[in-house]
Protein chains: 2
Amino acid sequence: MQDGTFHTLGHLQETWTRGDVFAANCPTRQLLDRIADKWSTLILIVLGEGPIRFNALKHRIDGVSQKMLSQTLKSLERDGLVSRSVVATVPVSVTYAVTPLGRTLMAAMQSMIDWAETQMPQVAAAQTAYDARSPDPH
Amino acid sequence: MQDGTFHTLGHLQETWTRGDVFAANCPTRQLLDRIADKWSTLILIVLGEGPIRFNALKHRIDGVSQKMLSQTLKSLERDGLVSRSVVATVPVSVTYAVTPLGRTLMAAMQSMIDWAETQMPQVAAAQTAYDARSPDPH
DNA sequence: CGCACCTGGTATCCATTGGATACCCAAAGG
DNA sequence: CCTTTGGGTATCCAATGGATACCAGGTGCG
């Protein structure tokens with residue numbers, strides 16, 4: 001398969017111990033690895049506002065490359081979290097939307113966003129303090 | 001600085017538009033990029049159970065390399081999410097623990113874990129269906 | 001007609017990241 | 001001695017991500 005594929009795992013495993021997120025073969029952990037991802041998170045947040053076309057999405061998410069966007073969308077579609085529909089307009093336009101399953105994930109993610117927004121000053125302060133303690137002795 | 005440093009961003013920016021997670025310079029997004037990370041998530045979950053030493057942590061999290069573990073711990077410490085304490089035992093032992101700030105993040109992350117554990121069958125089914133539709137035409 | 005432009009991608013190449021391995025220190029134990 | 005132990009760092013190589021170029025194929029424009 002091509003350059004940076006997402007399909008290396010094939011499909012999720014069948015057997016696991018519930019709660020054992022730390023064994024590499026635990027499907028929960030595989031799933032966590034997939035969704036604990038920069039672009040997936042951002043894409044789902046934007047899609048939460050409503051269906052959107054590929055290029056609009058690309059311009060909305062600052063810094064995402066076309067390659068990562070199409071790869072990540074493909075993987076999210078495979079996971080049943082977003083749906084892809086080709087609208088046969090003049091230049092074919094492709095619209096992406098969150099599925100009901102994806103919407104349940106978004107609720108869980110929202111608490112992380114909220115945390116980041118509210119706790120940011122704390123983190124910035126901690127960083128400043130840390131950097132002051134270790135003066136980067138070069 | 002050495003090989004795979006985490007400090008490339010220096011420190012978080014000062015000016016932003018609240019809720020604008022999509023501009024690359026938004027501190028919330030920088031923070032999100034940092035915590036929406038495979039190893040950070042796993043480390044915080046383990047640390048949530050109580051303080052733990054470096055090697056114990058390493059053996060607990062299947063598949064993490066020593067390099068990534070020490071790098072990620074350093075970055076989490078800088079962000080004020082975990083604390084590192086050197087106990088002057090015979091071979092020096094280092095204990096890591098979650099800070100109160102880190103504990104607030106863990107609560108937010110827990111909903112993601114719960115989602116992964118409960119919705120995994122849905123995702124596995126979606127993947128199977130997807131793979132059946134696109135027969136990988138080689 | 002011939003050319004550029006639109007959308008939604010792929011193919012290619014190179015920089016950065018992550019993983020495996022080896023090594024380091026100092027003290028204890030055989 | 002020589003190995004083991006804990007907590008790393010240094011080095012090297014494979015995998016990942018990003019930049020850029022290209023493609024299809026229909027449309028408007030000179």
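Note that the coordinates shown come from a computational prediction; the quantities given were computed from them, not determined experimentally. Note on naming: letters A, B, ... go to the chains in the order of the sequence lines (proteins, then strands), and numbering restarts at 1 for each one.
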How many whole angstroms separate atom [atom1] of [X] from atom [atom2] of [N]?
X	N	atom1	atom2	answer
A:Met68	D:dT16	CE	C1'	8 Å
B:Leu73	C:dG18	CG	C1'	16 Å
A:Ile43	D:dG17	CD1	P	12 Å
A:Ile61	D:dG17	CD1	C1'	16 Å
B:Asp37	D:dG17	CG	C1'	15 Å
A:Gln71	C:dA11	CD	P	11 Å
A:His59	C:dG9	NE2	C1'	14 Å

All side chain to side chain donor-acceptor pair (under 3.5 Å) counterparts of [X], not counting sequence neighbours:
X	value
A:Trp39	none
B:Ser93	B:Thr89
A:Arg84	A:Tyr96

request  = Check salt bridge (charged side-chain N to carboxylate O under 4.0 Å, His left out) between A:Lys38 and all other residues, then give those that pass, not counting sequence neighbours.
outcome  = B:Asp33

message = To the nearest 10°, give me the bend of the helix from C:dC1-D:dG30 to C:dG30-D:dC1, comparing the axes of its five terminal pairs at either end.
response = 30°

query = Taking only side-chain nitrogens and oxygens of B:Thr89, does any of them come within less than 4.0 Å of OP1 or OP2 of D:dG6?
reply =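 For D:dG6, neither OP1 nor OP2 has a side-chain N or O of B:Thr89 closer than 4.0 Å.
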
query = Does A:Trp39 have a side-chain nitrogen or oxygen under 4.0 Å from the phosphate oxygens OP1 or OP2 of D:dT16?
reply = no

request  = For the pair A:Glu77 and B:Arg133, find out whether any cationic side-chain nitrogen is under 4.0 Å from an anionic carboxylate oxygen.
outcome  =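 Looking at B:Arg133 together with A:Glu77, the answer is no, because their closest N to O distance does not fall below 4.0 Å.
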
ask   = Can A:Arg60 and A:Glu49 be counted as an ion pair, charged N to O under 4.0 angstrom?
value =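 Counted as a salt bridge, because a side-chain N and a carboxylate O are separated by less than 4.0 Å.
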
request  = Starting at the 5' end of nucleotides 2-8 of chain C, put B wherever the base has a protein heavy atom under 4.0 Å, S where only the sugar-phosphate does, and a dash everywhere else.
outcome  = ----BSB

task = Look at the side chain of A:Lys67 and decide which nucleotide, out of D:dC12, D:dA19, C:dT10, has an atom nearest to it.
result =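 Side chain of A:Lys67 sits closest to D:dA19.
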
key: Any side-chain heavy-atom pair of B:Thr41 and A:Leu32 under 4.5 Å   = yes

ask   = Just by distance, with hydrogens left out, do A:Thr95 and A:Ser85 show a side-chain donor and acceptor under 3.5 Å apart?
value = no

request  = Would you check if there is a donor-acceptor pair between the side chains of B:Gln127 and B:Asp131 at a distance under 3.5 Å?
outcome  = no

